Amino acid sequence: MPQNVDVPASRDLAGIAELAARATGDRLRTAFRSRPAVDTKRDMHDPVTEHDRAAEETIREVLAKETPGSVVVGEEGGAQGEDGDIRWYVDPIDGTANFAVGLPFFCVSIGAVAGGEVVAGAVYDPVRDEMFTASLGGATCNGERIESRGAARDATAVVATSYPSARELRDDHDGALRRFGLMVDAFATLRRPGSAALTLAHVAAGWTDVAFDPSINAWDVTAALLLVREAGGTYLPLGGEPGAPDHMAPGYLACVGGFDLDASVMLEVTGA
């Protein structure tokens, strides 16, 4: 357990994450399906709207009030704040492409890190008003404890992934399509829902069996990885440096508790 963060302190931080996430809810629900103007960051596959930026500012204001001196690392505004004991990783809208066109699969993700370890987090689905919360004492959805349980093998499981991305296709077209084909063939169902944090929250709740992404940012998974683990599922960081914090790894593979990962095609797909 990280120094100075026991279970009660972790629950307090989770409550702050909830508070900050809910503060964005009215704005995001009102803007949803308004087809807001979309800018791009790295390329056309990386959209951003005024609502991403405004939601992040709202979250920063709440976190600054509730945990003064902490650092906030946001997708839109980068790292801001003092070098405090708590670092918050914030994605104001994970799934912006869905949000911008009116697909109801996006969320707000806020995770707290102390001593290099994730200690609390919240993933909020404002359309369904579902709040997934994780602390060192467990995982809940709208206050009810969740358990990560589902299919035990590929043939009966649902896998969710954003793989392959356009960049991955450019870098290794034939290899990426071969690995994608392995997943399509092995799993009962494959989906590309478009929000890593919300997908992982669904793995935590047992609504999706397996999730995989080889290319991800810390703000997408910091809260969600704790949700999966505290709900009894498995979260494996992929590609990180030895000894690096799990949330800083560039990819992940996650599954519900009881899933036979050793017999899964995902070991070949990921090289894990």
Side-chain angles (χ1 to χ4, degrees), residues 2 4-5 8-34 36-39 41 46-96 98-100 106-115 117-135 140-143 195-198 201 217-227 247-248:
N4 300 325
V5 180
S10 170
R11 287 177 175 151
D12 288 345
L13 290 169
I16 292 168
E18 284 188 10
L19 183 68
R22 283 197 187 278
T24 70
D26 287 345
R27 180 188 185 96
L28 296 183
R29 281 186 292 269
T30 299
F32 182 53
R33 291 186 172 161
S34 68
V38 175
D39 297 325
K41 293 183 284 188
D46 191 13
V48 64
T49 72
E50 65 176 298
H51 303 293
D52 295 75
R53 299 183 179 107
E56 184 167 304
E57 285 306 309
T58 296
I59 292 166
R60 287 181 183 276
E61 290 170 4
V62 174
L63 296 180
K65 178 181 178 182
E66 299 295 329
T67 56
S70 60
V71 176
V72 179
V73 183
E75 178 174 12
E76 309 308 331
Q80 298 178 24
E82 303 172 17
D83 190 15
D85 294 333
I86 303 297
R87 292 177 68 88
W88 296 97
Y89 287 82
V90 173
D91 194 339
I93 305 179
D94 185 42
T96 297
N98 288 345
F99 168 79
F106 63 92
C107 68
V108 181
S109 177
I110 304 173
V113 171
E117 296 184 37
V118 184
V119 296
V123 172
Y124 181 50
D125 179 344
V127 175
R128 297 170 185 81
D129 195 26
E130 289 178 339
M131 179 68 74
F132 300 88
T133 309
S135 71
T140 64
C141 178
N142 290 344
S195 167
L198 191 54
N217 295 300
W219 45 74
D220 297 315
V221 298
T222 299
L225 74 84
L226 189 63
L227 274 168
H247 66 287
M248 299 303 293

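Position 1 is the first residue of the sequence, and the numbers go up from there. As the structure is a computational prediction, the values presented were derived from the model and not from experiment.
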Novice: So how far is it from T140 OG1 to M131 CE, rounded to the nearest 0.5 Å?
Specialist: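 T140 atom OG1 to M131 atom CE measures 9.5 Å (nearest 0.5 Å).
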Novice: Quick one: list whatever passes side chain to side chain donor-acceptor pair (under 3.5 Å) with D129, sequence neighbours left out.
Specialist: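 By the side chain to side chain donor-acceptor pair (under 3.5 Å) rule, D129 matches R22, Y124.
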Novice: Please report the interatomic distance CD1(I110) to CG(D91), rounded to the nearest 0.5 Å.
Specialist: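 Reported value, rounded in 0.5 Å steps: 10.0 Å.
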Novice: Could you grab the distance from atom SG of C141 to atom CG of D125, nearest 0.5 Å is fine?
Specialist: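 C141 SG to D125 CG: 9.0 Å, rounded to 0.5 Å.
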Novice: Please report the closest heavy-atom contact between A17 and G121, naming both atoms and the distance.
Specialist: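 Looking at all heavy atoms of both residues, the closest pair is CB-C, 4.2 Å.
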Novice: Is a side-chain donor or acceptor of D94 paired with a backbone partner of S109 at a separation under 3.5 angstrom?
Specialist: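 Not a single qualifying donor-acceptor pair exists.
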Novice: Enter the distance from D220:CG to L225:CG here, rounded to the nearest 0.5 Å.
Specialist: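 Result: 11.5 Å between the selected atoms.
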Novice: If you take all heavy atoms of A55 and L28, which pair is closest and at what distance?
Specialist: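 Taking A55 first and L28 second, the nearest heavy atoms are CB-CD2, 4.4 Å.
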Novice: Would you give the length of the straight line joining atom CG of N142 to atom CZ of R128, rounded to the nearest 0.5 angstrom?
Specialist: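 The CZ atom of R128 is 12.0 Å from CG of N142, to the nearest 0.5 Å.
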Novice: Using a 4.5 Å cut-off on heavy atoms from C-beta on, say whether the side chain of W88 contacts that of I59.
Specialist: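 No. Closest side-chain heavy atoms not under 4.5 Å.
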Novice: A31: which residues meet the side chain to side chain contact (heavy atoms under 4.5 Å, CB included) condition with it, sequence neighbours left out?
Specialist: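 Only S34, H51, F99 meet the side chain to side chain contact (heavy atoms under 4.5 Å, CB included) criterion with A31.
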Novice: For residues 25-34, which residue pairs qualify under salt bridge (charged side-chain N to carboxylate O under 4.0 Å, His left out), counting only residues two or more places apart or in two chains?
Specialist: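 Applying salt bridge (charged side-chain N to carboxylate O under 4.0 Å, His left out) to every pair that reaches into residues 25-34, excluding sequence neighbours, yields D26-R29, R27-E50.
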Novice: How close do A9 and V5 get, counting heavy atoms only, and between which atoms?
Specialist: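 The answer is CB-CA, 4.2 Å.
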Novice: Identify the residue among T58, I16, I86, L19 that makes a side-chain contact (heavy atoms from CB on, under 4.5 Å) with L63.
Specialist: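 Answer after filtering T58, I16, I86, L19: I16.
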Novice: Identify the heavy atoms of T222 and V118 that sit nearest to each other, and give their distance.
Specialist: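 Of all heavy-atom pairs spanning T222 and V118, the closest is O-CG1, 3.2 Å.
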Novice: Taking all atoms of both residues into account, what is the closest heavy-atom pair of V72 and R60, and its distance?
Specialist: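 In terms of heavy atoms, the two residues are closest at O-NH1, 3.3 Å.
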Novice: Of the non-hydrogen atoms in T24 and V108, which two are nearest, and what is the gap between them?
Specialist: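 Taking T24 first and V108 second, the nearest heavy atoms are OG1-CG2, 3.4 Å.
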Novice: Name all residues meeting the side chain to side chain contact (heavy atoms under 4.5 Å, CB included) criterion together with A120; count only those two or more places apart in sequence or in a different chain, and write none if there are none.
Specialist: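 With neighbours one apart ignored, the set is S10, L13, A14, A112.
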Novice: Test of understanding: with salt bridge (charged side-chain N to carboxylate O under 4.0 Å, His left out), list the residues that count as partners of D85, not counting sequence neighbours.
Specialist: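 Partners of D85 by the salt bridge (charged side-chain N to carboxylate O under 4.0 Å, His left out) criterion come out as none, since no residue qualifies.
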Novice: Does the plane of the ring in Y89 sit parallel, tilted or perpendicular to the ring in H247? Use 30° and 60° as the thresholds.
Specialist: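 Ring orientation of Y89 relative to H247: perpendicular.
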Novice: Considering residues at least two apart in sequence or located in another chain, which fulfil the side chain to side chain donor-acceptor pair (under 3.5 Å) criterion with T49?
Specialist: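 In terms of side chain to side chain donor-acceptor pair (under 3.5 Å), with neighbours along the sequence ignored, T49 is linked to D52.
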Novice: Could you state the interatomic distance from CD (E57) to CD (E61), rounded to the nearest 0.5 Å?
Specialist: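 Answer rounded to 0.5 Å: 6.5 Å.
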